[in-house]
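These numbers come from a predicted model, not from an experiment. FYI, side chains are in, hydrogens and waters are out, and symmetry mates aren't considered; it's all heavy atoms of this structure.
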Amino acid sequence: MRRLSARQRLAALVLAALSICFITLDVTGGSLAGAHSGAQGALGSLYRGTDSVLGPARRLLQGLPHAGTNAGKVQQLQRENAALRSQLVNDSTDAAMAAQLSRLQARADTLGKKVLPARVTAFGPGQGFEWTITLGVGSSDGVAVDQTVTDGVGLVGRVLRVSADSSVVLLAADPGSGVGVRDVRSGQLAVATGVGAAGFTLSPLNPVADLKVGDELRTGPVGESTFVGDIPLGTITAVRVSADGATTAKVRPAASPTAVDLVGIILTDGAATSSNELAPR
């Protein structure tokens with residue numbers, strides 16, 4: 001008869017011992033449920049402990065078959081987001097243009113004059129390094145030299161040169177440019193000299209004029225200025241009195257000289273464009 005090896009004998013003893021344990025539990029009315037629950041609890045704890053480490057790798061392997069589909073969904077979502085962003089920009093631009101056209105219409109109604117809307121096509125120094133903008137309208141649209149330009153909020157400048165289909169506007173804030181204005185509160189007349197992006201320096205005709213911070217300045221008086229009267233120029237932000245008693249002031253422009261886009265040319269020569277038919281060119 002073949003003899004068992006040492007390893008086989010050890011295995012037989014272990015199996016015999018387990019059999020005796022199960023028989024004893026069954027005879028005494030014990031239940032394997034408790035043992036099963038204990039084993040299940042131990043294995044569950046073991047699974048939960050290892051899942052935090054192995055879980056990401058397991059989920060990555062599970063998602064590999066769908067990787068191509070997910071990438072397609074991501075690209076589709078990116079395209080949809082880009083389209084939505086573009087639509088929001090367009091809606092915002094349309095709303096801003098509509099609001100500015102409304103301001104130009106209101107300014108035209110206030111002045112009782114015809115206003116020709118136009119878009120800025122270029123910005124830069126002109127002859128003599130003036131601060132200028134170029135508009136996409138010209139003499140064929142009724143534009144003429146020295147016509148006043150506004151953005152519906154404040155004074156932008158005046159037409160400097162004109163061709164058939166374009167025009168160059170000298171900005172009111174051009175360094176060295178002068179604008180005749182009046183202080184709305186006190187009625188004092190003054191000359192506002194452009195200082196570029198900083199706005200204007202104000203010199204009243206009366207050296208000891210009563211000027212205060214917050215005073216609004218408008219073009220005028222009518223007939224005494226190159227510009228159409230009663231257009232806001234800006235607001236006084238600082239007043240300075242020199243040693244000899246002369247008063248000067250700093251002025252914040254109503255229309256930013258570096259952020260103009262849609263403007264209106266006030267037509268003073270009877271051009272055919274009606275103020276009731278405003279549309280940017």
Side-chain angles (χ1 to χ4, degrees), residues 92-123 126 130-174 177-182 184 192 194 199-200 216-235 251-281:
S92 176
T93 300
D94 291 344
M97 181 178 293
Q100 194 157 0
L101 283 172
S102 178
R103 288 194 295 268
L104 288 174
Q105 180 69 66
R107 180 60 58 191
D109 294 342
T110 299
L111 297 173
K113 297 181 181 295
K114 299 173 182 178
V115 174
L116 174 68
R119 298 299 295 268
V120 175
T121 60
F123 177 89
E130 305 107 331
W131 280 44
T132 62
I133 55 175
T134 302
L135 306 179
V137 294
S139 58
S140 61
D141 302 292
V143 181
V145 172
D146 283 341
Q147 288 177 338
T148 300
V149 181
T150 178
D151 66 350
V153 175
L155 180 67
V156 171
R158 63 182 177 86
V159 177
L160 188 63
R161 293 184 294 277
V162 181
S163 66
D165 55 5
S166 67
S167 52
V168 176
V169 174
L170 179 68
L171 296 179
D174 168 67
S177 175
V179 182
V181 297
R182 61 181 176 83
V184 174
F200 304 89
E216 180 188 2
L217 304 175
R218 290 176 174 258
T219 57
V222 177
E224 299 297 329
S225 173
T226 303
F227 301 91
V228 171
D230 205 37
I231 296 178
L233 176 81
T235 304
V251 179
R252 181 179 64 250
S256 171
T258 59
V260 286
D261 181 21
L262 179 64
V263 299
I265 302 173
I266 300 175
L267 304 178
T268 54
D269 292 332
T273 301
S274 169
S275 64
N276 294 323
E277 298 175 349
L278 290 177
R281 302 282 185 93

Of all heavy-atom pairs between P232 and A254, which one has the smallest distance, and what is that distance?
O-CB, 4.1 Å
Can you find a heavy atom in the side chain of D261 that is under 4.5 Å from one in the side chain of R119?
yes
Do you know which two heavy atoms are closest between V179 and A172, and how far apart they sit?
CG2-CB, 4.1 Å
Where is the tightest heavy-atom contact between G136 and T121, given as atom of each residue plus distance?
N-CG2, 3.9 Å
Are the side chains of T148 and T219 in contact, using a 4.5 Å heavy-atom criterion?
no
To the nearest 0.5 Å, what is the distance between CZ (R161) and OG1 (T132)?
6.5 Å
With side chains defined as the heavy atoms from C-beta onward, is the minimum distance between V137 and S167 less than 4.5 Å?
yes
Partner of V168 under side chain to side chain contact (heavy atoms under 4.5 Å, CB included), picked from V159, V162, T134, is T134
Nearest heavy-atom approach of P257 to A173 is CB-CB, 3.8 Å
Sorted by chain and residue number, the side chain to side chain contact (heavy atoms under 4.5 Å, CB included) partners of S163 (sequence neighbours excluded) come out as D165, S166
Just verifying a value: how many Å separate D141 CG and I265 CD1, rounded to the nearest 0.5 Å?
8.0 Å
Would you check if D230 and R218 make a side-chain contact, meaning some heavy-atom pair closer than 4.5 Å?
yes
Check side chain to side chain contact (heavy atoms under 4.5 Å, CB included) between T258 and all other residues, then give those that pass, not counting sequence neighbours.
W131, A197, S256
Flag side-chain contact, heavy atom, 4.5 Å: I133 against V156:
yes
So V115 and I266, side-chain contact (heavy atoms from CB on, under 4.5 Å) or not? Walk me through it.
CA-CA 5 Å; V115 174; I266 300 175; 4.2 Å; yes
Taking all heavy atoms of G199 and all of P253, pick out the closest pair and write down the distance.
CA-CD, 3.6 Å
When you compare the side chain of V145 with that of L160, does any pair of heavy atoms fall below 4.5 Å?
no
Answer yes or no: is there a side-chain heavy-atom contact under 4.5 Å between F123 and L171?
yes
Give the minimum heavy-atom separation between I231 and G154, together with the two atoms involved.
CG2-C, 3.8 Å
